S.K.: 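Just dropping this structure here.
In what follows, every heavy atom counts, from backbone to side chain, and hydrogens, waters and symmetry copies are set aside. None of these values were measured; they are calculated from a predicted model.
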Amino acid sequence: MTDPRNPWLARFRPAGDGAIRLICFPHAGGGGATFRDWADDLPPEIDLCGVRFPARESRLREKPYLRMDELVPALAEGLADDLARPYALLGYCSGALVAWELAAFLARSGRRPPELLAVFAFPAPALIEPTLVHRLPTEQLTAHLRGLGVIPDAILADPGLFSMFETGVRADYEVFETWTRRAEPPLTVPVTVFGAAADPSVTVPELAAWRAETSGEFTLRVLAGDHSFFTASRRRLTGSVAADLLAVRAVNR
């Protein structure tokens with residue numbers, strides 16, 4: 001359900017009093033509901049929140065952001081109250097780049113940093129190759145998304161449903177396809193990277209290159225499978241994320 005206090009967030013269960021907030025950024029075209037099933041796996045100490053961008057879910061009629069340098073300050077403002085207590089950032093696919101950019105923006109602004117940045121299935125920022133997916137004709141765009149396996153076939157096969165989804169997915173691709181990297185020092189927070197050995201969208205060396213993005217602790221976990229590992233190995237992933245979060249919280253208390 002959408003957080004009535006904040007349209008940027010979806011919450012799928014009540015938060016515990018001593019919670020660390022886990023703010024999750026979905027893949028291109030995805031919404032907060034991408035992380036709905038995680039609520040069944042995470043311990044009550046973790047306050048699970050899924051980010052809802054404009055142009056999808058309950059914000060379907062809102063104009064999407066098309067540039068990273070506009071989206072990230074809006075996120076920082078929209079999530080300000082939620083970033084005032086211990087929190088972590090998690091990004092899946094292109095959501096990883098948004099989460100990393102938000103962490104860097106908060107560092108530049110002297111704001112409270114995340115306790116952890118968790119990245120799933122996305123190359124390190126220094127290795128991102130230019131693409132133009134956001135300009136593809138609809139038929140080619142649906143074929144591209146079908147190959148990734150993160151969008152339900154029921155949406156891709158129904159022109160009416162996909163037309164509701166298309167604006168958001170194109171906007172998300174445009175955000176990272178027009179992004180240019182800012183020269184700045186590495187983060188200082190722990191970074192954990194997750195990937196799959198046979199994922200056609202990102203190689204293990206591209207995942208390992210995230211090591212250069214932080215001066216803090218770095219962990220790389222490579223699972224069996226392809227890009228669908230995010231769903232197929234959900235319980236293993238949520239268990240690892242929970243263990244990392246609770247460990248870093250124990251150190252930082």
S.K.: As an exercise, state the distance from CE of M68 to CG of L97, rounded to the nearest 0.5 Å.
M.R.: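 Reported to 0.5 Å precision, the distance equals 4.0 Å.
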S.K.: Measure the shortest side-chain to side-chain distance between P125 and W210 over non-hydrogen atoms and say whether it is less than 4.5 angstrom.
M.R.: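 A side-chain contact under 4.5 Å exists here.
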S.K.: Quick one: closest heavy-atom pair of G30 and D172, and the distance?
M.R.: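 Result for this residue pair: N-OD2, 4.3 Å.
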S.K.: With side chain to side chain contact (heavy atoms under 4.5 Å, CB included) as the test, would you mind laying out the steps for L223 and L237 before giving the verdict?
M.R.: CA-CA 9 Å; L223 284 67; L237 296 174; 3.8 Å; yes
S.K.: Tell me whether V119 is reachable from L220 by hopping between hydrophobic residues (I, L, V, M, F, W, Y) whose side-chain heavy atoms are closer than 4.5 Å.
M.R.: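 Linked within one cluster.
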S.K.: More than 12 heavy atoms of other residues, nucleotides or ligands under 6.0 Å from CD of E139: is that the case?
M.R.: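 At most 12 heavy atoms, drawn from other residues, nucleotides or ligands, come within 6.0 Å of this atom.
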S.K.: Nearest 0.5 Å, please: how far is CG in D82 from CZ in R21?
M.R.: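 Reported value, rounded in 0.5 Å steps: 4.5 Å.
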S.K.: Could you check whether the rings of F120 and F229 sit parallel, tilted or perpendicular, using 30° and 60° as the cut-offs?
M.R.: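 Rings of F120 and F229: parallel, under 30°.
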S.K.: Output yes when a side-chain donor or acceptor of E57 lies under 3.5 Å from a complementary backbone atom of A33, and no otherwise.
M.R.: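 The answer is yes, because a donor-acceptor pair under 3.5 Å joins these two groups.
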S.K.: Treating Ile, Leu, Val, Met, Phe, Trp and Tyr as nodes and any side-chain heavy-atom pair under 4.5 angstrom as an edge, say whether L66 and L141 lie in one connected cluster.
M.R.: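 No, separate clusters.
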S.K.: Under 4.5 Å between side-chain heavy atoms, hopping through other hydrophobics if needed: is there a path connecting L117 to L127?
M.R.: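 No; L127 is not reachable from L117 via cluster members.
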S.K.: Quick one, I128 with F122, criterion side chain to side chain contact (heavy atoms under 4.5 Å, CB included). Give me CA distance, side-chain angles, the key distance, then yes/no.
M.R.: CA-CA 9 Å; I128 294 175; F122 202 72; 3.5 Å; yes
S.K.: Is there side-chain contact between F176 and V98, with heavy atoms separated by less than 4.5 Å?
M.R.: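 A side-chain contact is absent here, since even the closest heavy-atom pair is not under 4.5 Å.
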S.K.: Should we count CZ of R182 as having more than 12 external heavy atoms under 6.0 Å?
M.R.: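 Counting neighbours around CZ of R182, 12 or fewer heavy atoms of other residues, nucleotides or ligands fall under 6.0 Å, so no.
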S.K.: For R56 and R59, indicate whether the former's side chain and the latter's backbone hold a donor-acceptor pair under 3.5 Å.
M.R.: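 Checking the backbone N and O of R59 against the side chain of R56, no donor-acceptor pair under 3.5 Å is found.
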S.K.: Give the minimum heavy-atom separation between T34 and P26, together with the two atoms involved.
M.R.: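 So the two residues come closest at OG1-CB, 3.7 Å.
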S.K.: Answer whether the closest heavy-atom distance between the side chains of L9 and I23 falls below 4.5 Å.
M.R.: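 Yes, at least one pair of side-chain atoms sits under 4.5 Å.
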S.K.: Rounded at 0.5 Å granularity, tell me how far OH in Y173 sits from CZ in R135.
M.R.: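 Reported value, rounded in 0.5 Å steps: 15.5 Å.
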S.K.: Among side-chain atoms of N6 and D81, is any donor-acceptor pair under 3.5 angstrom?
M.R.: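 No, because no side-chain N or O of N6 sits under 3.5 Å from a partner of the opposite role on D81.
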S.K.: Between W8 and F53, what is the ring plane arrangement, given parallel below 30°, perpendicular above 60°, and tilted in between?
M.R.: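 If you compare the ring of W8 with that of F53, the planes turn out perpendicular.
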S.K.: Within the 4.5 Å heavy-atom criterion, are V191 and E213 side-chain neighbours or not?
M.R.: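 V191 vs E213: side chains apart.
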S.K.: According to the interplanar angle, ranging from 0 to 90°, do the rings of F162 and F165 count as parallel (below 30°), tilted (30 to 60°) or perpendicular (above 60°)?
M.R.: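 Tilted.
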S.K.: So, taking the atom named CG in L79 and the one named CG in L106, what distance separates them when rounded to the nearest 0.5 Å?
M.R.: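 It comes to 9.0 Å.
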S.K.: Would you mind reporting whether W38 and L90 have side-chain heavy atoms less than 4.5 Å apart?
M.R.: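 Side chain of L90 against side chain of W38, heavy atoms only: contact under 4.5 Å found.
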S.K.: On a heavy-atom basis, which atom in V222 and which in A197 lie closest, and how many Å separate them?
M.R.: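 Heavy atoms of V222 and A197 come nearest at CG1-N, 3.7 Å.
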S.K.: Quick one, R170 and P64 - any side-chain contact, counting heavy atoms below 4.5 Å?
M.R.: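 No. Closest side-chain heavy atoms not under 4.5 Å.
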S.K.: With a 6.0 Å cut-off (strictly less than), is the heavy-atom count around CD of E62, excluding the residue itself, greater than 12?
M.R.: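 It does: E62 CD has more than 12 such atoms within range.
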S.K.: Might you point out which heavy atoms bring F12 and A39 nearest each other, and give the distance in Å?
M.R.: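 In terms of heavy atoms, the two residues are closest at CB-CB, 3.9 Å.
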S.K.: With heavy-atom distances below 4.5 Å as the criterion, would you say the side chains of T131 and H144 are in contact?
M.R.: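 Of all side-chain heavy-atom pairs linking H144 with T131, none is under 4.5 Å.
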S.K.: Considering residues, nucleotides and ligands other than R108, do more than 12 of their heavy atoms fall under 6.0 Å from its CZ?
M.R.: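 Atom CZ in R108 is crowded, with more than 12 foreign heavy atoms closer than 6.0 Å.
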S.K.: Of all the heavy-atom pairs spanning V189 and P113, show the shortest one and how long it is.
M.R.: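 Taking V189 first and P113 second, the nearest heavy atoms are CG1-CB, 3.9 Å.
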S.K.: What verdict does the side chain to side chain contact (heavy atoms under 4.5 Å, CB included) test give for E115 and I20, after you've listed the backbone C-alpha separation in whole Å, the side-chain angles of each residue and the deciding distance to 0.1 Å?
M.R.: CA-CA 9 Å; E115 310 248 328; I20 178 172; 3.9 Å; yes
S.K.: For the side chain of R111 and the backbone of A76, is there at least one donor-acceptor N/O pair under 3.5 Å apart?
M.R.: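 Pair found, side chain donor or acceptor close to backbone of A76.
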S.K.: Under 4.5 Å between any side-chain heavy atoms of E217 and V248, yes or no?
M.R.: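 A side-chain contact under 4.5 Å is absent here.
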S.K.: Roughly how far, to the nearest 0.5 Å, is CZ of R85 from CG of D47?
M.R.: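 So the CG of D47 and the CZ of R85 are separated by 6.5 Å.
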S.K.: Please assess L22 against F35 for the test side chain to side chain contact (heavy atoms under 4.5 Å, CB included), listing each intermediate value before the final yes or no.
M.R.: CA-CA 11 Å; L22 177 60; F35 304 95; over 6 Å; no
S.K.: Within a radius of less than 6.0 Å around CZ of R211, do more than 12 heavy atoms belonging to other residues, nucleotides or ligands occur?
M.R.: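 Atom CZ in R211 is packed in, count exceeds 12.
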S.K.: Does any N or O in the side chain of T214 come within less than 3.5 Å of the main-chain N or O of L187, such that one atom is a donor and the other an acceptor?
M.R.: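 Here the side-chain-to-backbone pair exists.
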S.K.: Between the main-chain N or O of A28 and the side-chain N or O of S94, is there a donor-acceptor pair closer than 3.5 Å?
M.R.: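 The answer is yes, because a donor-acceptor pair under 3.5 Å joins these two groups.
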S.K.: Any chance you could measure C49, atom SG, to R13, atom CZ, to the nearest 0.5 Å?
M.R.: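 So the gap between those two atoms works out to 10.0 Å.
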S.K.: Ignoring hydrogens and angles, tell me if any N or O in the side chain of E206 forms a donor-acceptor pair with the backbone of T203 under 3.5 Å.
M.R.: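 Between the backbone of T203 and the side chain of E206 there is a qualifying donor-acceptor contact (under 3.5 Å).
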S.K.: Between Y65 and W179, is the gap from one ring center to the other below 6.0 Å?
M.R.: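 Ring-ring flag for Y65/W179: false, centres at least 6.0 Å apart.
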S.K.: I'd like to know if E174 and R67 make a salt bridge, using a cut-off of under 4.0 Å between side-chain N and carboxylate O.
M.R.: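 R67 and E174: salt-bridged.
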S.K.: Might you point out which heavy atoms bring L245 and A88 nearest each other, and give the distance in Å?
M.R.: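 Result for this residue pair: CD2-CB, 3.3 Å.
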S.K.: Does atom CZ of R112 have more than 12 heavy-atom neighbours, drawn from other residues, nucleotides or ligands, at distances under 6.0 Å?
M.R.: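 Check passes, neighbour count above 12.
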S.K.: Where the side chain of R52 meets the backbone of G31, is there a donor-acceptor pair that is under 3.5 Å apart?
M.R.: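 The answer is no, because no donor-acceptor pair under 3.5 Å joins these two groups.
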